[in-house]
Amino acid sequence: MIQLDKQYEPGEVEKRWGRFWEEKNFFHADETSESSAFSIVIPPPNITGRLHIGHAFNNTLQDILTRWKRMQGFNALWQPGTDHAGIATQNVVEKQLHQEGTTRQDLGRENFVKRVWKWRSESGGTIISQLKKLGCSLDWERDRFTMDEGLSKAVREVFVTLYEEGLIYKGDYIINWCPRCHTALSDLEVEYQETQGNLYHLKYPIKESDGFLVIATTRPETMLGDTAVAVNPDDERYQGYKGKKLILPVLNREIPLIEDGYVDTAFGTGALKVTPAHDPNDFELGQRHQLETVNVMNPDGTMNSLAGPDYEGLDRFECRKKLVHDLKDSGVLEKIEDLTHSVGHCYRCRTVVEPYLSKQWFVKAKPLAEPALKAVRDGSIKIVPKFWENTYFEWMENIRDWCISRQIWWGHQIPAWNCKACGKVIVSRETPDNCPDCSATDLVQETDVLDTWFSSALWPFSTLGWPEKTETLKRFYPTSVLCTGFDILFFWVARMIMMGLKFMGDVPFRDVYIHALIRDAEGQKMSKTKGNVIDPLEVMEQYGTDALRFTLAAFAAQGRDIKLAEDRIEGYRNFCNKLWNASRFVFMNLEDYKGSCALEEKSNLSNADRWILSRLNRASKEVNEALEAFRFNDAALTVYKFIWNEYCDWYIELTKSKLTGSGPERKAAQNVLIHVLDSALKLLHPFMPFITEEIWQKLPQDGKSIMVSEFPEYRESQTDEAVEKEMEVIMEIITGIRNIRGEMNLNPGLKLKALIRTQNTEIQKTLKEHGEYIRELARVEQLETGSNIEKPKVAASSVLGEMDLIVPLEGMMDFREERNRVEKELKKIEKDLIFLDKKLSNPNFVKKAPAEVIEKDELRKASLSEKQAKLEIHLKTIEQGLC
RNA sequence: GGGCGGGUAGCUCAGUUGGGAGAGCACCGGCCUUACAAGCCGGGGGUCACAGGUUCGAGCCCUGUUCCGCCUACCA
């Protein structure tokens, strides 16, 4: 006989089954299999990453889908992998070097890259082992890394193709520059933050005049690169200044006054200093007016020689300070105003980003975006929840060219070479030996690497083998679902769609499920600096992995952020224990059981048996439907309620008396008990893989693992409405008696008598046949049913639908308690009747509402009135008793 | 500036086509009823942010207000 401990201890169990699944290779998807495919690619975590609660959430959802589909018989592939995370990883290794008192420049490029690979092999696997701990059924055999040979080949292929088609170009543009990371960033990689700043008003003298123009700026240090001042041609204040020259203070450079409609007359003074090399708008102004560009900064954010001898070498913010001080002294500074404006920060290191003019590589986005827009518009790709589609459209319609070059060393080096001899740019899939134009062999490869997101954009097909035409690719592309947070909708999702359509000629996935962000209990974004992070590993340690997973699923309602409350996790830990103990009960009653989990002899089934089977069937339906629609919370809650409120609270209790016998009833009960447990475990398995496997393995089944067993499906023939109705009546009476017991403060152990008066012969029949349920669960020693039952003088009474429940209480009734109880009930009824009366006496309601609604309310009114009358009579007898 | 999401019980949240609101936790009362005190039984608790509108009827649909959060933008 199998015995379980009194409490479920997750730690050891999780380790054991985690190892088991991996050893048995159950996570592996076979590309030669004939079953229909289901595939998901993991959003590749950074190799620098450690599992945070967002990962836990994201991957739990994917694992639920994968395990569910796998159990449904699909050839399910969940494709694992990691991202090389260019800037982030380089930062980590540079920090290490810094501690060792050296720099990457000291090491040189080749050695530095070697060093990063070494770091990766030593520390880059952390997140992988953490995902395993979470129970993720990823096909580890297919683990990929964005810097792998195959994926790098894909990157080259894509780059060269796009270049050849004119969709990649190189040019001098203003880009976002991080002076700390020393690299360009794409527009998306800049995070704007409302910042309290200043608006400095500066006087620019007019040449050959005593007058001056006042310009306003938030970044005075950039004035050193000014090459014009612009005003709006319609601005009356400046009508007389057309064609004038201004003298740039400090540097005393002569700059023109230009007119451009871009200038907002309402902002500041209406005069705008123009710094084409340090502001994207000014850059465009500069192009329109053929202005000079003067770049006054070094790549590290210090001022260069063009900033003049007083400021050269100063950091941009020190320069600002000194400059403001100097301008004040020289009378150039008119005033300083407070101004709240948003300032861009590097998303990797939080340094203030500098708009910076430099030579970069770009992807022309518009031609790629158009088919990507269409795919979502025509439903080839469905985004869930749907409202995210608007956000997607918005961004895609206004998409700008994507700056893909990064001035770092860790990443895919751009496959372009410059011929030293003739200057030709060679972009090639293979490393060229000599220049095709001049045959020179002195070729120097572009030093820049590609944006990490460039390789991630290819993820759904590069991981499956592309550009090779592999079986895997054929079998699993397009993938079924992409499951991710909205924060990378543009970074990643949109770009995958563009690249997938471009290079595979088909969408990369059919559905995109966008889940919420996890916040702390106060609704704050979790961050290390705030110290409000919930570490999933700690939670798993404390409550068990299954409890964490279930909590996350139960919280995953669409369209709302998740405030993770720890007491919920505790609640679902308790659920594990509940399931554990229910199973314990089942096993305790199985010593003489010879059968299997399959439903055997159906003719001996009791009403309770048939009821739970019917309920199980409904639960299976709801779970499947909910998962199909990505309603994870509904699915989780359905299983929860089925197991706790139906199987444990009712079925197990109902079954106890049957188990005490030894006849066919006992055998039937055992069979149903175990069959339903088996099915319930399967329904729960995608959410709680470990505990379900642990229990399931002890069941009399001949499968290898619950994770490759068959997921319960809805079968219409198995729903038994008649039995459900009968059992409802019985449960209603049991609850009614318990209520009287509770409200009257009667000892739970006290045996009671119960009389049920009803005119309904169906109910009478049910009660005659199945009265033992009531006797056992409500602790009733004598149960009588009939149409003309007399109520004894001393009795508590309730009206339950068509039934009058009477509990004789001779010698144990407190009349005051009973009066309170009945009065409370009557009050409720009165309130409801007033409401219904009002509604039904409204001629418009009767005229316009659908007949069935009116009928329902009329029936309700009638039964409430009847109930009221009965209770009032009862109340009178109580009051007589009180006298 | 534009857009999106949200405001439901003390707390965290459900509420699928409009037919007078649910769960978990917390709370109150009673129970070691031999699976489970991480449990069992019973109970109290809500002007569904506010104001209008549509409708016989609104948590749900429309308009406005307000608060919170997020996204986005060329706020010198």
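Side-chain atoms are counted along with the backbone in the values below, which use heavy atoms only and exclude waters and symmetry mates. Residue numbering restarts at 1 for every chain, and letters A, B, ... go by the order of the sequence lines.
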Of the nucleotides B:U12, B:A76, B:C36, which one has an atom closest to the side chain of A:Phe555?
-> B:U12
Nucleotide nearest A:Lys828 when distance is taken to its side chain, options B:G44, B:U33, B:G29 = B:G44
Distance check: side-chain N/O of A:Asn739 vs OP1/OP2 of B:G43, anything under 4.0 Å?
-> yes
Have a look at A:Lys656 and say if it touches a base, only the backbone sugar-phosphate, or nothing, with a 4.0 Å heavy-atom cut-off.
-> base
From A:Thr340 atom OG1 to A:Glu194 atom CD, the distance as rounded to the nearest 0.5 Å | 6.5 Å
Taking the six-membered ring of A:Phe555 as reference, does the NZ or CZ atom of A:Arg568 fall below 6.0 Å from its centre and within a 45° cone about the axis?
-> yes
Is it true that A:Tyr572 and A:Tyr640 have ring centroids separated by less than 6.0 Å?
-> yes
Check whether the side chain of A:Ser342 and the base of B:C75 form a donor-acceptor pair under 3.5 Å.
-> yes
Centroid-centroid under 6.0 Å between A:Tyr173 and A:Tyr356 rings = no
Which is true for A:Ala271 with a 4.0 Å heavy-atom rule: it touches a base, it touches only sugar-phosphate, or it touches nothing?
-> base
Side chain of A:Met588 (C-beta onward), nearest among B:G24, B:A35, B:G5 = B:A35
Side-chain atoms of A:Phe387 come closest, of B:C4, B:G42, B:G20, to B:C4
Side-chain contact check for A:Asn574: nearest option of B:A38, B:C74, B:G43 is B:A38
Residues within residues 214-229 of chain A bordering RNA chain B, heavy-atom distance below 4.0 Å | A:Ala216, A:Thr217, A:Thr218
Taking CG from A:Asn232 and P from B:A76, how many angstroms apart are they, rounded to a whole number?
-> 17 Å
Picking from B:G20, B:A35, B:A14, which would you name as closest to the side chain of A:Ala582?
-> B:A35
C1' atom, B:C68 versus B:C31: distance in rounded Å?
-> 44 Å
Taking only the side-chain heavy atoms of A:Arg738 (C-beta and beyond), determine which of B:A73, B:G42, B:A76 contains the nearest atom.
-> B:G42
May I have the distance from A:Asp567 (atom CG) to B:G10 (atom P), rounded to whole angstrom?
-> 16 Å
On a plain distance test, is the side chain of A:Lys6 in donor-acceptor contact with the base of B:C36 below 3.5 Å?
-> no
For A:Asn232 and A:Asp264, test the side chains for any donor-to-acceptor distance below 3.5 angstrom and give the result as yes or no.
-> no
Tell me, which of residues 833-852 of chain A have any heavy atom that sits under 4.0 Å from an atom in RNA chain B?
-> A:Phe835, A:Asn842, A:Asn844, A:Phe845, A:Lys848, A:Ala849, A:Pro850
Picking from B:G44, B:G29, B:G20, which would you name as closest to the side chain of A:Lys824?
-> B:G44
If you take all heavy atoms of A:Thr218 and A:Tyr200, which pair is closest and at what distance?
-> O-CE1, 4.0 Å
Got a second to check how far A:Leu185's CG is from A:Trp177's CH2, nearest 0.5 Å?
-> 9.0 Å
Can you give me every donor-acceptor pair (side chain of residues 388-397 of chain A, partner residue at least two apart or in another chain, under 3.5 Å) with its distance?
unit_1, atom_1, unit_2, atom_2, d
A:Glu389, OE1, A:Lys386, NZ, 3.1
A:Glu389, OE2, A:Ile383, N, 3.2
A:Tyr392, OH, A:Ala372, O, 2.8
A:Glu397, OE2, A:Arg377, NH2, 2.5

Find the distance between NZ (A:Lys335) and CG (A:Leu202) and round it off to the nearest 0.5 Å.
-> 12.0 Å
With respect to the side chain of A:Pro748, which nucleotide from B:C31, B:A14, B:C75 is positioned closest?
-> B:C31
Respond yes when some side-chain nitrogen or oxygen of A:Trp644 is under 4.0 Å from OP1 or OP2 of B:C40, and no when none is.
-> yes
Side-chain donor-acceptor pair under 3.5 Å between A:Arg821 and A:Ser798, yes or no?
-> yes
For the side chain of A:Glu653, starting at C-beta, report the closest nucleotide among B:G43, B:G5, B:C36.
-> B:C36
